[in-house]
Amino acid sequence: MKVLVPVKRVVDYNVKVRVKSDQTGVELANIKMSMNPFDEIAVEEAIRLKEKGIATEVVVVSIGVQQCTETLRTALAMGADRGILVQTDVTTESLAVAKVLAKIAAEEAPGLIILGKQAIDDDANQTGQMLAGLLGWAQGTFASKVDPQGDTVNVTREIDGGLETVALKLPAIVTTDLRLNEPRYASLPNIMKAKSKPIANKTPADYGVDMTPRLTTLKVTEPAKRQAGIKVKSVDELVAKLKEMGAVA
Amino acid sequence: MTISFDEWRARSPFYDETHEAVAQSVRKFMAAEVLPHIDQWEEDGELPRELHKKAAAAGILGLNYPEEYGGHSEGFNVFHGLTQSEELAAAGAGGLGASLMTHGIGLPPILALGSEEMKRRIAPEVLSGDKIISLAITEPSGGSDVAQLKTRVERVGNKYVVNGQKMFITSGMRADYMTVAVRTGGPGMAGISLMLIETDRPGVGRTRLDKMGWRCSDTATVYFDNVEVPPENLIGPENGGFIGIMRNFNSERLGMAHGCCAMARVALKEAMDWAQTRETFGKRLGAHQSIRIKLADCARQIGATQAWVDLCAHQHMQGKGVPADYAMLKVQATRMLEHVVREAAQVLGGASYITGSKVERIYREVRVNAIGGGSEEIMLDLAGRQMGLG
């Protein structure tokens, strides 16, 4: 079984982003970029499936600017077999990404597509679901356990009130939650070996997908600064204050 | 503004995306395997052997060693080594790099001068983290004056018999092997040989030394009492050991100089974080002009030193390095570290005096850098001689 893993290049999770002065977005110039952490979990899961002998090949895809090659190389250094770069300078939106991935899925015919449940830049949490819709495949989102059994995959999901396990018929879509696994660090020799693993260079036009954004960002602003709190001496005083503020009736 | 090494690399001609990948990888290794435990290891006085195996699996121990002996060198250069040591410094505990990477001084003489049989016997199990190797040069009677060392070797029949003592030996308590400088011939540098001694040989004794800093690194006094060693353990020609000792120094000093930059950056970051959050006299500590100037001056000195480190590393890679440059570079780096960590401590105030803060730990590690691997005075004297003043 082939496993396809899309990976997104995002602002590194350690970076404290700053809003641009013209409020059109956040400052990205000279900012450290890395693989979306949820995607790292997806790559790790795919590699583990390969190590268990369940997956035969792990293919990683990244859609975005030329530097997404670095993100692909990171996945290849972790243990993925080959990469596909779909290069575009346009802002990537979930639906367009899902459309490209659907075309790649048709070409590559993977048994499983594992995606991060969301990217930490736009937090959209849509691509996996949209892809499942476009392909008409079963989906198991927010996976905390992935267990393929023959022509099905059991996906355990963290839901309100406990764990839910769904059995999906392959081919299927899985999106990863934070607790699925702990991604490995690439060993230094594997970093060098990744340099010689193949990466195919494509464009959205190769897949006949128009990436033009359909959404318009009106304004990006800093979250409101938190006001200093006050200390109250008793429950009665707390209730009185809340009533005063109109927070309780 | 270039403060962090990430920013430095991104704008330097000597580093590319593979160095970035190495940094990311070693950073994750540190977060998973080292940072949660380092305070405990500092208390224990040594690193667990298991860590060596994990570091080997991550490719850390074998970086820039020949592939045929279990290392990986293809595509890697000296700047990958610097990048790696930068990340190993993130714990703010220099003992980690000193002890985990002791093979960086113990193994090269074997690879440079040892027999093929010795290389194949020793290097792979050291680079796999199964065995630990130390370098034993310094003696109780002196360290800087290497040519006068007293550990004596007699040839008795088909064996060498070793008698003497070694002092301040890094990883000395745990070492399975030691690359030992001994006197096989007459006085002076022409009578010195290098010898591989397995520490399980009868007559090898050792005592733990407690130290001001580098506490997670075990340090020992080692005694050789009629230790019998087979002739094939000689590293290189008899009485030809001095050159093997000397050729180690350039890369050791380059590595130490970079290590000082890395530690200084850790200290500066601690001080800057504190200056950003701490409020005094109605404003942020960092908003006071005197503090701002202090911190910028630290950044200036780190940048100047790092630029020279990078240049010397480039020369090293091209085989164009000059011993006096490495010697002076090391002095530049240790004086810089001494200044930066002093200023960082002043900015942190009382917090820097409390055990457990990174700055407190780094402060205790200034002297080992300024004295070990060639004291500042010996380094400058060496350079002065090269200036024709000998």
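Every chain is numbered from 1, with letters handed out A, B, ... down the list of sequences.
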Examine whether an atom of [X] lies under 4.5 Å from a heavy atom of chain A, and if so say whether it belongs to the side chain, the backbone or both; otherwise answer neither.
| X | value |
| --- | --- |
| B:Gln24 | side chain |
| B:Ala31 | neither |
| B:Ala58 | both |

Practice item. Report, as yes or no, whether the 6.0 Å neighbourhood of atom CD on B:Glu74 holds more than 12 heavy atoms from other residues, nucleotides or ligands. Key: no

Exercise for review: Determine whether more than 12 heavy atoms belonging to other residues, nucleotides or ligands lie under 6.0 Å from atom CZ of A:Arg18.
Suggested key: no

Check your understanding: Between B:Glu20 and A:Lys32, is there a side-chain N and carboxylate O pair less than 4.0 Å apart?
Key -> yes

Practice item. Please look at A:Ala186 and chain B and tell me whether the side chain, the backbone, both or neither of the residue comes under 4.5 angstrom of a heavy atom of that chain. Key: both

Exercise for review: Measure distances from A:Lys193 to the heavy atoms of chain B and classify the residue's part below 4.5 Å as side chain, backbone, both or neither.
Suggested key: neither

Point to revise | Between B:Lys28, B:Arg27, B:His80, the one whose heavy-atom pairs under 4.5 Å with chain A are most numerous | key: B:Lys28

Exercise for review: Go through B:Gly71, B:Ser25, B:Gly59, B:Ala21 and name the one with the most non-hydrogen pairs under 4.5 angstrom from chain A.
Suggested key: B:Ser25

Practice item. May I ask you to check whether B:His72 and B:Tyr65 place their ring centres under 6.0 Å from each other? Key: no

Practice item. Answer yes or no: is there a donor N or O on one side and an acceptor on the other, between the side chain of B:Ser12 and the main chain of B:Phe14, under 3.5 Å? Key: yes

Check your understanding: Side chain of A:Asp81, backbone of A:Val59: donor and acceptor closer than 3.5 Å?
Key -> no

Exercise for review: Count the heavy-atom pairs under 4.5 Å between each of A:Leu188, A:Asn190, A:Asn30, A:Thr74 and chain B, then report the option with the highest count.
Suggested key: A:Leu188

